[in-house]
Q: 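I have a structure I would like to understand better, so I am pasting it below and will then ask my questions one at a time.
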2 protein chains.
Amino acid sequence: MSDQTYTISELAKEFGVTTRTMRFYEEKGLISPRREGQKRVYSSADRVRIKLILRGKRIGMSLAECVEVIDMYDPGHNNADQLHSLINTVQNRRQLLEQQKQDIDEMLAGLAEVQNLCESALGDIEESHS
Amino acid sequence: MSDQTYTISELAKEFGVTTRTMRFYEEKGLISPRREGQKRVYSSADRVRIKLILRGKRIGMSLAECVEVIDMYDPGHNNADQLHSLINTVQNRRQLLEQQKQDIDEMLAGLAEVQNLCESALGDIEESHS
DNA sequence: CATGCCGTTTACGTTAACGTCAAGTAAGGT
DNA sequence: ACCTTACTTGACGTTAACGTAAACGGCATG
């Protein structure tokens with residue numbers, strides 16, 4: 001039962017963030033590690049949450065948005081109304097993500113072209129050296 | 001020769017931002033509309049730059065990063081050293097974008113699954129009503 | 001037992017990206 | 001002449017997401 005635990009600096013190091021960041025996320029309610037005395041003890045579930053948070057950040061989401069998305073994963077949505085509303089927010093988010101993918105693809109296409117131009121320009125320079 | 005021009009509020013409205021934002025971008029050197037007297041007059045080239053900026057923002061780039069990317073598009077890189085260095089930054093950015101695409105795909109997969117669970121849960125509820 | 005090293009809390013500082021007035025100008029309508 | 005509307009600059013305010021520094025506790029090691 002993956003009952004592994006981590007210290008704050010272990011996880012901070014693993015994910016390339018500072019301990020300040022970890023405490024800040026806790027302060028904002030994004031994670032709630034258990035305590036042993038004073039010290040924070042992170043479970044592998046905590047670790048996953050952090051991973052999800054950072055994934056969200058990489059694609060430009062605010063911490064609030066990260067929580068919003070993460071909260072979609074766990075249950076607590078029993079009745080039909082809640083399910084409908086959840087489906088709705090899920091679909092909205094998917095829509096946004098698709099838009100982002102498109103933006104990324106466009107930018108990638110542009111950059112690929114730039115690179116081609118650069119490389120052929122370099123080729124021309126080589127040629128002129130012969 | 002698309003020599004169309006725009007006022008600040010026209011473009012602000014078109015892109016769903018405030019005029020304050022437009023002036024802020026100018027203040028930060030992201031755009032440089034010409035003036036007629038006091039008033040800003042935006043060309044279609046300016047319009048494109050704004051479009052690129054906002055596309056960058058949608059995928060979580062800072063304004064500084066937006067400028068960086070946009071600057072890759074226009075020339076001014078004559079010698080071989082500059083070309084090499086440009087190719088390098090282009091490749092780095094492409095790398096980041098690919099990472100982002102992967103993050104998005106993972107998140108999309110998760111959300112799709114959530115939606116499926118929700119819908120089948122809704123199905124069960126319907127069933128129990130018969 | 002002093003010295004690091006890791007952890008803690010508290011609190012003030014910082015940067016980006018605007019928001020929000022305030023006060024003024026310039027053109028056009030009635 | 002007056003009003004409205006769109007534009008201008010200038011300056012202070014705000015929020016998110018941390019950074020940074022101070023001051024303390026615990027423990028292991030030379």
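Side chains are part of it too, since the values below use all heavy atoms of this structure and drop only hydrogens, waters and symmetry mates. This is a predicted model, so every value here is computed, not measured. Numbered from 1 within each chain, the chains take letters A, B, ... in sequence-line order.
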Q: Are OP1 or OP2 of C/dC18 and a side-chain N or O of B/Y25 less than 4.0 angstrom apart?
A: yes
Q: Send over the distance from A/L30 CG to D/dA16 P, rounded to a whole Å.
A: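 Spelled out: CG on A/L30 to P on D/dA16 is 12 Å.
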Q: How does protein contact run along nucleotides 7-12 of chain C, one letter per nucleotide 5' to 3', with B for base contact, S for sugar-phosphate only, - for none, heavy atoms under 4.0 Å?
A: SBB---
Q: If we only count heavy atoms from C-beta on, is the B/M107 to A/L52 side-chain gap below 4.5 Å?
A: no
Q: Kindly indicate whether the side chain of A/L11, heavy atoms from C-beta on, has any atom under 4.5 Å from the side chain of A/M22.
A: yes
Q: Return the CD to OG distance between A/Q4 and A/S44, rounded to the nearest 0.5 Å.
A: 7.0 Å
Q: If I take atom CG in residue A/L54 and atom P in nucleotide D/dC18, what distance separates them, rounded to the nearest angstrom?
A: 9 Å
Q: Tell me, do A/R40 and A/R23 make a side-chain contact under 4.5 Å, heavy atoms counted?
A: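 Yes, at least one pair of side-chain atoms sits under 4.5 Å.
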Q: Any side-chain to backbone donor/acceptor pair from B/Q91 onto B/N88? Under 3.5 Å, distance only.
A: no
Q: Can you measure A/L63 atom CG to C/dA16 atom P for me and round it to whole angstrom units?
A: 18 Å
Q: Report the distance from atom CD1 of A/I50 to atom P of D/dC18, rounded to the nearest whole Å.
A: 12 Å
Q: Starting at CE of B/M61 and ending at P of C/dA17, how long is that distance when rounded to a whole Å?
A: 11 Å
Q: Output the rounded distance in Å from CZ (B/R34) to C1' (D/dT8).
A: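 Taking atom C1' of D/dT8 as the reference, CZ of B/R34 is at 17 Å.
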Q: Same cluster or not: are B/L111 and A/V48 linked, directly or through other Ile, Leu, Val, Met, Phe, Trp or Tyr residues, by side-chain heavy atoms under 4.5 angstrom apart?
A: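 No; A/V48 is not reachable from B/L111 via cluster members.
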Q: Quick one: B/K57 NZ to C/dC18 P, roughly how many Å, whole number?
A: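 B/K57 atom NZ is separated from C/dC18 atom P by 3 Å.
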Q: Which whole-number value in Å describes the distance from A/F24 CZ to C/dG13 C1'?
A: 14 Å
